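Accompanying notes for the structure given below.
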Amino acid sequence: MRIATWNVNSIRARVVRTVDFAVREGIDVLAMQEIKCKPEQFPYEAFEEAGYTVEAHGLNQWNGVAIASREPIEELQVGFAGMPGFAKGHDGPGAPLEARALGAKIGGVEVWSLYVPNGRGLDDPHYRYKLDWLEALRGYTADTLAADPDRALALTGDFNIAPTDADNGDPTVVEGVTTHVSPPERAAFQALLDAGLADTVRPLVPTGYTYWDYKQLRFPRNEGLRIDFILGSHAFADAVTAAAIHRDERKGEIPSDHVPVVVDLDLEGPDDDDRPMIW
DNA sequence: ATGTCGGTGGTTCACCGA
């Protein structure tokens, strides 16, 4: 099974490009972020014509997550247990939830499409929201794996954190000045790993960015960030056989500012056809 | 130069968010 995650930055603006990529690369499950539309506005037809079914979660023109799959989508989860909400002037308990998390069981894997809050600025209420949101995600992960340690669980999406200095090539992203690289954000990312997840792409693709700001020639200068990840429990990570970051998707006409990240899974072991015949 | 995007409201440009 081939699983991909992609912050598409408006699915309506990029539906042709998105479906073309999925078909060309043989993607079985595509987790999308920043679809920037409500479910009734999602361009389902283009995906259905290509053999995908889609579940979309969007509340307004901001955020929004979706999962497209060639296999049946089961056990849909809109948001995760404990996920906090946020709204301007209303960031405490009881704040409205945003469309940032969609989970499902597909082919025996619990896969999530996640769009972690940006944080905006180190002194912005959105930054505290980001850290609280990540802590709640860690709690969900820990609880889930405590109940079922061998579950194939994958957290995919835009984490809006560059975990190491090697993941930050943008000269305007500076520790102590901006979000994405602050010690508390990096600690929150590490806490997800400590809860029982592994970065399934880094061992196979050690370098490279997944996002380049549209401004100031960031892509031509290759001044990007690695902020999009596929994190997996041991049962998931152990099944990963290949990975790729599709840098070329940042090129061409009207690209997203993010590129797809892909892993191949072999959950069932070798097919019968691959086993030696012994009489 | 916050130098580029996408979406919205409500009219084609100002604002928000990233």
Side-chain angles (χ1 to χ4, degrees), chain A residues 5-19 21 31-43 46 56-66 84-91 95-101 113-134 156-163 167-175 177-182 185 188-189 209-229 247-261:
Chain A
T5 185
W6 196 359
N7 179 323
V8 295
N9 186 17
S10 172
I11 191 59
R12 288 177 292 175
R14 265 175 273 288
V15 58
V16 172
R17 184 173 189 136
T18 303
V19 173
F21 170 81
M32 290 167 273
Q33 300 87 38
E34 275 207 272
I35 62 172
K36 286 186 168 176
C37 67
K38 301 173 186 177
E40 60 266 33
Q41 298 172 308
F42 193 98
H57 172 42
L59 298 170
N60 49 43
Q61 71 270 43
W62 307 121
N63 316 310
V65 284
F86 183 86
K88 209 171 240 178
H90 190 177
D91 59 340
L97 300 181
E98 298 187 304
R100 296 183 176 276
S113 180
L114 301 173
Y115 180 41
V116 176
N118 173 284
R120 297 180 185 167
L122 297 178
D123 57 356
D124 193 297
H126 210 257
Y127 178 73
R128 173 43 55 188
Y129 169 50
K130 179 179 193 175
L131 296 177
D132 290 345
W133 200 95
L134 286 161
T156 88
D158 176 0
F159 286 74
N160 270 319
I161 299 169
D167 304 320
N168 177 18
D170 185 327
T172 68
V173 177
V174 179
E175 184 183 326
V177 179
T178 60
T179 61
H180 293 61
V181 292
S182 71
E185 290 168 280
F189 187 88
Y209 306 128
T210 64
Y211 159 87
W212 297 259
D213 198 309
Y214 288 122
K215 293 178 284 192
Q216 298 171 283
L217 300 172
R218 287 288 176 248
F219 184 63
R221 296 173 188 271
N222 194 29
E223 295 173 340
L225 301 171
R226 187 194 281 227
I227 56 177
D228 301 271
F229 298 96
R247 187 180 191 282
D248 284 355
E249 285 300 323
R250 188 62 175 76
K251 302 176 181 176
E253 296 294 314
I254 58 162
S256 171
D257 42 1
H258 296 251
V259 296
V261 178

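We use all heavy atoms of the structure for the numbers below, so side chains are in, but hydrogens, waters and symmetry mates are not. In this text the structure is predicted, and so the values were computed from the model without any measurement. Below, read A as the first sequence line, B as the second, and so on, with proteins coming before strands; counting in each chain starts at 1.
- Between A:Arg218 and B:dA18 there is no side-chain N or O to OP1 or OP2 distance below 4.0 Å.
- Rounded to whole Å, atom C1' of B:dG17 lies 12 Å from atom CG of A:Asn7.
- The residues A:Arg17 and A:Glu253 are annotated as not salt-bridged, no charged nitrogen and carboxylate oxygen being separated by less than 4.0 angstrom.
- When rounded to the nearest whole Å, the span between CD of A:Glu34 and P of B:dG17 equals 13 Å.
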List, with names and distances, any nitrogen or oxygen atoms from the protein found under 3.5 Å away from nitrogen or oxygen atoms belonging to nucleotides 2-4 of chain B.
residue, atom, partner, partner atom, Å
B:dT4, O4', A:Tyr214, O, 3.4

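- Within the nucleic acid shown, A:Arg120 comes within 4.0 Å of sugar-phosphate atoms alone, with no base atom in reach, counting heavy atoms only.
- One interatomic measurement links the two molecules: CG of A:Asn63 to P of B:dG17, which rounds to 10 Å at whole-angstrom precision.
- Against the 90° criterion about 0, the sugar-base torsion of B:dT12 places it in the syn range.
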All N/O pairs under 3.5 Å across the protein-nucleotides 9-16 of chain B interface:
none

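- If you take atom C1' in B:dG10 and the same atom in B:dC15, they sit 13 Å apart, rounded to whole Å.
- Between A:Asn60 atom CG and B:dG6 atom C1' there is a gap of 13 Å when expressed in whole angstrom units.
- With sequence neighbours left out, A:Asn160 forms a side chain to side chain donor-acceptor pair (under 3.5 Å) with A:His180.
- Straight-line distance from the CG atom of A:Asp124 to the P atom of B:dG17: 9 Å, rounded to whole Å.
- Rounded to a whole angstrom, the distance from the P atom of B:dT2 to that of B:dC13 is 23 Å.
- The phosphate of B:dC5 has neither OP1 nor OP2 within less than 4.0 Å of any side-chain N or O from A:Arg14.
- Counting to the nearest Å, the P atom of B:dG17 and the CG atom of A:Asn160 are 15 Å from each other.
- With rounding to whole Å, A:Lys38 atom NZ is found 20 Å from B:dG6 atom P.
- Shown here are the salt bridge (charged side-chain N to carboxylate O under 4.0 Å, His left out) partners of A:Glu223, two or more places apart in sequence or in another chain: A:Arg218.
- Side chain of A:Thr210 to main chain of A:His258: no donor-acceptor pair is present (N/O by atom type, distance under 3.5 Å, no hydrogens or angles).
- With both ends at atom C1', the span from B:dA1 to B:dT12 equals 23 Å, rounded to whole Å.
- Listed by chain and residue number, nothing satisfies the side chain to side chain donor-acceptor pair (under 3.5 Å) test with A:Tyr209 (two or more places apart in sequence, or in another chain).
- Residues satisfying the side chain to side chain contact (heavy atoms under 4.5 Å, CB included) criterion with A:Pro84, sequence neighbours excluded, are A:Tyr129, A:Asp132, A:Trp133, A:Ala136.
- With sequence neighbours excluded, the residues satisfying side chain to side chain contact (heavy atoms under 4.5 Å, CB included) with A:Lys215 are A:Asp213.
- Of the two residues contacting DNA chain B, namely A:Tyr115 and A:Asn9, the nearest-nucleotide position lying further toward the 5' end is that of A:Asn9.
- To the nearest angstrom, P of B:dG17 lies 20 Å from OH of A:Tyr127.
- Side chain of A:Ser113 to backbone of A:Ala31: no donor-acceptor contact under 3.5 angstrom is found.
- Across all strands shown, A:Arg100 has heavy atoms under 4.0 Å from sugar-phosphate atoms exclusively, and none from any base.
- The side chain to side chain contact (heavy atoms under 4.5 Å, CB included) check on A:Asn60 picks up A:Trp62, with sequence neighbours excluded.
- Shown here are the side chain to side chain contact (heavy atoms under 4.5 Å, CB included) partners of A:Pro163, two or more places apart in sequence or in another chain: A:Asp167, A:Phe189, A:Arg202, A:Phe229.
- Residue-level contact check: A:Phe219 touches neither bases nor backbone, having no heavy atom under 4.0 Å from any strand.
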